[in-house]
Amino acid sequence: MSRKSAESSRDVLIDNVKSTLHDAEALLREAASSSGEKAAELRERALVSLKRTREAVHDAQDAIVTQSRRAARATDDYVHDKPWQAVAAAGVLGLLLGLVIGRR
């Protein structure tokens, strides 16, 4: 998965979660002002909406964990296959970080 598609998926998920939570809040507010069977129906719809949101968040979390594990595995494989290049890259990164911190 590319970075742009991951960011796009993340943005879509965040928008969906916000929308669903907004809808659930509206349903609960309406249920609070209603009584009887209509209030129970509105509360049930809000709970279903919140359950869908929770499932979407869990799915996104699983996807992020899977992607993170793949990235960690790829990094581990690269370091084992090319240890000196990894040491050089870490040294250059450390030098650049030291220069940036030293300028402040």
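Values below: every heavy atom of this structure, side chains too, minus hydrogens, waters and symmetry copies. Heads up: numbering here begins at 1 and tracks the sequence.
For the atom pair CD (E25) and CG (L50), the distance works out to 9.0 Å, reported to the nearest 0.5 Å. For the atom pair CZ of R54 and OG1 of T20, the computed distance is 12.5 Å after rounding to the nearest 0.5 Å. Atoms CD and CZ, from E41 and R45 in turn, are 6.0 Å apart once rounded to the nearest 0.5 Å. Note: K82 NZ to D77 CG = 11.5 Å, rounded to the nearest 0.5 Å.
Heavy atoms from other residues, nucleotides or ligands lying under 6.0 Å from CD of E37 number 12 at most.
Under the 4.5 Å side-chain heavy-atom criterion for grouping Ile, Leu, Val, Met, Phe, Trp and Tyr, L21 is connected to V57 within one hydrophobic cluster.
D76 has a carboxylate O that lies under 4.0 Å from a charged side-chain N of R73, or vice versa, which qualifies the two as a salt bridge.
One N or O on the side chain of T66 and one on the backbone of D62 form a donor-acceptor pair closer than 3.5 Å.
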